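In what follows, a single structure is set out as structure tokens and then discussed.
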Amino acid sequence: QKEVEQNSGPLSVPEGAIASLNCTYSDRVSQSFFWYRQYSGKSPELIMSIYSNGDKEDGRFTAQLNKASQYVSLLIRDSQPSDSATYLCAVGVYNQGGKLIFGQGTELSVKP
Amino acid sequence: GAGVSQSPRYKVAKRGQDVALRCDPISGHVSLFWYQQALGQGPEFLTYFQNEAQLDKSGLPSDRFFAERPEGSVSTLKIQRTQQEDSAVYLCASSSRGGPIFGEGSRLTVL
């Protein structure tokens, strides 16, 4: 079992819809959770971080964390074609410094 | 600088050559990471520095890979006797608190 799992997609949503991206992780002592966006041929760009259970909102993005169920999700409201990218979930483990374990990423396509 | 700077952006090496990849982190960032990303995959952890101390090198795939950060700022990832399987994008990231910020990466192609 991979430590951090994401559906590879592609996930296709129409413009203006809500895109929902999911991630599960295996290590129960994981403490920090991040979402990165990666455009084709570019490097990952940090878009959200979340550390405690519940929701965290930043503009059109909402990160949701449920440590009991070991999942973290990212919602993108009012999706735009410019949101089309690969979204990477990353998990930091307690006592491993800043080391992050990444999922393989979910490709999102927003259709006009 | 304003962001993490990596050089060279592209490197083509013949099998067996040594390469050195440079990372200049965001000023003041204590933590520095190297990741390797293959096409279609998420980044894979290679090594981590806190200031000049290399605290974790568990992800380095072989003893041909070596990283240093002698003055706690600029870091170099060196790959000796490159092999075709070393072809990938090498990403450097730095952080103070919060999630690491990535540079643009160095794309290595080994022929």
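Values below: all heavy atoms of this structure, side chains included; hydrogens, waters and symmetry mates excluded. Order of the sequence lines sets the chain letters (A, B, ...), proteins ahead of strands, with each chain counted from 1. Owing to the predicted nature of the structure, the values given are computational and were not obtained by experimental measurement.
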Assess whether atom CD of B:Glu44 is packed by more than 12 heavy atoms of other residues, nucleotides or ligands within 6.0 Å. no
Taking atom CZ as the centre, does A:Arg77 end up with more than 12 heavy-atom neighbours from other residues, nucleotides or ligands that are less than 6.0 angstrom away? yes
Using heavy-atom distances under 4.5 Å, tell me whether B:Leu91 contacts chain A through its side chain, its backbone, both, or neither. side chain
I'd like to verify something: which residue of A:Gly105, A:Pro44, A:Ser49, A:Ser32 has the highest number of heavy-atom pairs under 4.5 Å with chain B? A:Pro44
Turns out that what part of A:Gln6 lies under 4.5 Å from chain B's heavy atoms comes down to neither
Shortest non-hydrogen pair, A:Leu88 vs B:Pro43, comes out as CD1-CD, 3.9 Å
Should we say atom CD of B:Glu71 is surrounded by more than 12 heavy atoms from elsewhere, each under 6.0 Å from it? no
Which bit of B:Gln50 comes within less than 4.5 Å of chain A, counting heavy atoms only: side chain, backbone, both or neither? neither
More than 12 heavy atoms of other residues, nucleotides or ligands under 6.0 Å from CG of B:Leu111: is that the case? yes
Within a radius of less than 6.0 Å around NZ of A:Lys67, do more than 12 heavy atoms belonging to other residues, nucleotides or ligands occur? yes
Specify the closest pair of heavy atoms between A:Leu100 and B:Pro100, including all atoms of both residues, with the distance to one decimal. CD1-CD, 3.5 Å
Is it the case that more than 12 heavy atoms not belonging to B:Asp24 sit under 6.0 Å from its CG atom? yes
Roughly how far apart are B:Gln37 CD and A:Gln104 CD, rounded to 0.5 Å? 11.5 Å
Gap separating the NZ atom of A:Lys99 from the OH atom of B:Tyr35, nearest 0.5 angstrom: 8.0 Å
Connected via hydrophobic side-chain network under 4.5 Å: B:Phe33 and B:Leu21: no
Would you mind checking which part of A:Phe33 comes under 4.5 Å of any heavy atom in chain B, side chain (CB onward), backbone (N, CA, C, O), both or neither? neither
Spell out, yes or no, whether A:Val4 and A:Met48 are grouped together once hydrophobic residues are joined by side-chain heavy atoms under 4.5 Å, including indirect joins. yes
Working to the nearest 0.5 Å, report the span between CD1 of B:Ile101 and CD of A:Glu45. 9.0 Å
Against chain A, label B:Thr47 side chain, backbone, both or neither, depending on which of its atoms sit under 4.5 Å from a heavy atom there. neither
If two hydrophobic side chains count as joined below 4.5 Å and joins carry through other members, does B:Trp34 share a cluster with B:Tyr48? no
Rounded to the nearest 0.5 Å, how far apart are CZ of B:Phe45 and CZ of A:Phe102? 11.0 Å
Taking A:Phe34, A:Tyr51, A:Tyr36 one by one, which has the highest count of heavy-atom pairs under 4.5 Å against chain B? A:Tyr36
